[in-house]
Amino acid sequence: MRRRIIGAGLAVVVTALWLPGCTSAGDTCMPAPLELSDDTVRIGTTVTLSAGPVACGLPDLPGTYRISYQERGGLWDLGNADVDEDGAFSTSIVVPTSATPGIHQVVVLGSAYDACLELQGASCVGYSVPVTVRP
């Protein structure tokens with residue numbers, strides 16, 4: 001019985017360390033959630049993508065993020081978003097006219113949250129938000 005409790009406790013600790021996004025020793029900071037002004041849109045529609053300030057101190061936040069639209073058929077560049085000193089940003093994006101109907105992702109690249117891809121032994125969950133595209 002005692003081994004099960006210890007094993008369960010270790011599983012919780014390991015999971016808690018992995019979930020926060022980019023994790024390496026001591027780095028457990030989560031970005032503010034991404035938000036779309038409308039999460040169900042028509043092809044070619046303009047929507048606003050935004051995120052609030054970062055809740056913890058990340059060094060050297062970039063001045064811009066790359067915004068992309070991703071679906072099974074590929075990844076489309078939607079431009080840049082200027083990032084405030086506190087990590088908040090807001091930008092208008094257009095759903096590509098070549099998009100197909102379905103549930104896809106708007107992806108933020110170049111943030112401190114995906115930089116861990118270069119760190120040995122680190123794990124990333126990605127920084128994206130789903131969008132449902134209608135014809």
Side-chain angles (χ1 to χ4, degrees):
M1 178 70 165
R2 184 177 175 158
R3 286 186 184 178
R4 286 185 190 171
I5 293 172
I6 291 172
L10 280 174
V12 169
V13 169
V14 170
T15 302
L17 290 174
W18 180 77
L19 284 177
C22 291
T23 59
S24 59
D27 179 14
T28 58
C29 181
M30 287 293 289
L34 293 172
E35 296 181 13
L36 289 171
S37 57
D38 191 351
D39 60 1
T40 301
V41 298
R42 294 197 178 279
I43 294 171
T45 302
T46 300
V47 294
T48 300
L49 173 70
S50 61
V54 176
C56 56
L58 286 177
D60 303 323
L61 285 170
T64 59
Y65 291 154
R66 294 293 297 155
I67 310 300
S68 298
Y69 170 82
Q70 183 178 22
E71 62 177 56
R72 183 175 239 180
L75 188 68
W76 287 263
D77 180 34
L78 301 180
N80 291 329
D82 293 327
V83 182
D84 297 338
E85 285 184 16
D86 63 4
F89 71 93
S90 179
T91 189
S92 294
I93 59 173
V94 178
V95 177
T97 56
S98 56
T100 59
I103 300 173
H104 306 296
Q105 298 289 317
V106 175
V107 181
V108 175
L109 300 170
S111 74
Y113 313 112
D114 58 27
C116 69
L117 293 173
E118 300 171 3
L119 298 176
Q120 196 171 35
S123 168
C124 288
V125 295
Y127 197 25
S128 64
V129 63
V131 60
T132 301
V133 177
R134 303 274 184 226

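Residues take their numbers from the sequence shown, with the count starting at 1. Note that this is a predicted model, so its numbers are computed, not measured. Values reported hereafter were calculated over all heavy atoms of this structure, with side chains retained and with hydrogens, waters and symmetry mates removed.
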### Task
Determine which pairs satisfy side-chain hydrogen bond (donor to acceptor under 3.5 Å, both in side chains) with at least one residue from residues 90-100, sequence neighbours left out, and list them in order.
Glu71-Thr100, Trp76-Ser98
### Task
State, yes or no, whether a side-chain contact exists between Ile67 and Val108 at a heavy-atom distance under 4.5 Å.
yes
### Query
Is there a side-chain contact between Arg134 and Pro101, using heavy atoms and a 4.5 Å cut-off?
no
### Partners passing side chain to side chain donor-acceptor pair (under 3.5 Å) against Gln70 (at least two apart in sequence or in another chain)
none
### Task
State which residues pass side chain to side chain donor-acceptor pair (under 3.5 Å) with Arg66; sequence neighbours excluded, sorted by chain then number.
Asp77, Asn80
### Message
Could you check whether atom CG of Leu75 has more than 12 heavy atoms from other residues, nucleotides or ligands sitting under 6.0 Å from it?
### Response
yes
Give the table of side-chain donor-acceptor pairs shorter than 3.5 Å for residues 33-43, with sequence neighbours excluded, one pair per line with atom names and distance.
{"from": "Ser37", "atom 1": "OG", "to": "Thr48", "atom 2": "N", "distance (Å)": "2.9"}
{"from": "Asp38", "atom 1": "OD1", "to": "Thr40", "atom 2": "N", "distance (Å)": "3.1"}
{"from": "Arg42", "atom 1": "NH1", "to": "Pro135", "atom 2": "O", "distance (Å)": "2.6"}

### Shortest non-hydrogen contact from Val94 toward Leu78
O-CD2, 3.4 Å
### Query
For Val133 and Ala99, which heavy atoms make the closest approach, and how far apart are they?
CG1-CB, 4.5 Å
### Task
Without swapping roles, check the side chain of Asp86 against the backbone of Ala88 for a donor-acceptor pair under 3.5 Å.
yes
### Query
Which distance, rounded to the nearest 0.5 Å, do you find between the CG of Leu109 and the OG1 of Thr64?
11.5 Å
### Query
Could you give all pairs that pass the ring pair (Phe, Tyr, Trp, His ring centres under 6.0 Å) test and reach residues 84-105, with sequence neighbours left out?
Tyr65-Phe89, Tyr69-His104
